Amino acid sequence: MEHKIAVGGLAQLSRALKAVDADAPKALRLGLNDAAQLLIDEARPTVPEVSGAARRSMVARSTRTSARVAVGGKKAPHFPWLDFGGQGRVAGRPAPRDFITEGRYIYPTLRRVRPQIEARLQASIGQLIADAGLKEG
């Protein structure tokens, strides 16, 4: 299941910003990271904490044209099982967990904070445009 918050014209905006200021695309990427961090900050307390590895594995990643939240990895490979459930890995470790298609933590939090993420993105992009001296519209 994938939920996207699409920002139309982001690639074109990035190119226009780069033409005006070489550092502006970096600021755009940082703005996208900031929006993804909002999701992490809201979802992190909902994730169970036994060792804390699953919570710590949540990180914001972005490019000039997209942002995402990465979870799990080598230090918390159980995160997908924790969020979505399933049969477990080997001989009942971890134990079977009811499978929930929409997940327990990331996607429900995204649905709840989506308006704040969109507002943060809009403010960040508006500020970049103003700082670069470009006209909105």
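For reference, positions follow the sequence shown, starting with 1. As the structure is a computational prediction, the values presented were derived from the model and not from experiment.
The shortest heavy-atom contact between L28 and L128 is CA-CD1, 3.3 Å. Residues I106 and A43 share a closest heavy-atom pair of CD1-CB, 4.2 Å. Here the closest heavy-atom approach between residue A76 and residue A53 is recorded as CB-O, 3.6 Å.
Not a single side chain to side chain donor-acceptor pair (under 3.5 Å) links Q116 to another residue, sequence neighbours left out. Among residues two or more places apart in sequence or in another chain, the side-chain contact (heavy atoms from CB on, under 4.5 Å) test is passed with P115 by none. With sequence neighbours excluded, the residues forming a side-chain contact (heavy atoms from CB on, under 4.5 Å) with A54 are V47, H78, F79, L82, listed by chain and number. Residues passing the side chain to side chain donor-acceptor pair (under 3.5 Å) test with S57: none are found, sequence neighbours excluded. In this structure, the side-chain contact (heavy atoms from CB on, under 4.5 Å) partners of N33, at least two apart in sequence or on a different chain, are R29, A60, S62. Residues satisfying the side-chain contact (heavy atoms from CB on, under 4.5 Å) criterion with I100, sequence neighbours excluded, are E102, R104.
Applying the salt bridge (Lys or Arg N to Asp or Glu O under 4.0 Å) test to residues at least two apart or on different chains, the pairs with a partner in residues 39-54 are E42-R112, E49-R55. Every pair tested for salt bridge (Lys or Arg N to Asp or Glu O under 4.0 Å) that includes a residue from residues 58-74 fails, sequence neighbours excluded, so the list is empty.
Within the model, atoms CD1 of I117 and CG of L39 stand 5.0 Å from one another, a figure rounded to the nearest 0.5 Å. Here the CZ atom belonging to F84 is positioned 5.5 Å from the OH atom belonging to Y107, to the nearest 0.5 angstrom. Expressed to the nearest 0.5 Å, how far CD1 of I40 lies from OG1 of T109 amounts to 11.5 Å.
Checked by atom type and distance alone, the side chain of S124 never pairs as donor or acceptor with a backbone atom of R120 at under 3.5 Å.
Side-chain contact between D34 and L38: absent, with no pair of heavy atoms (C-beta onward) separated by less than 4.5 Å.
The hydrophobic clustering, which links ILVMFWY residues whose side-chain heavy atoms are closer than 4.5 Å, places V50 and W81 apart.
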Task: Full working for side-chain contact (heavy atoms from CB on, under 4.5 Å) between L121 and L32 - done: CA-CA 7 Å; L121 283 170; L32 292 171; 3.5 Å; yes

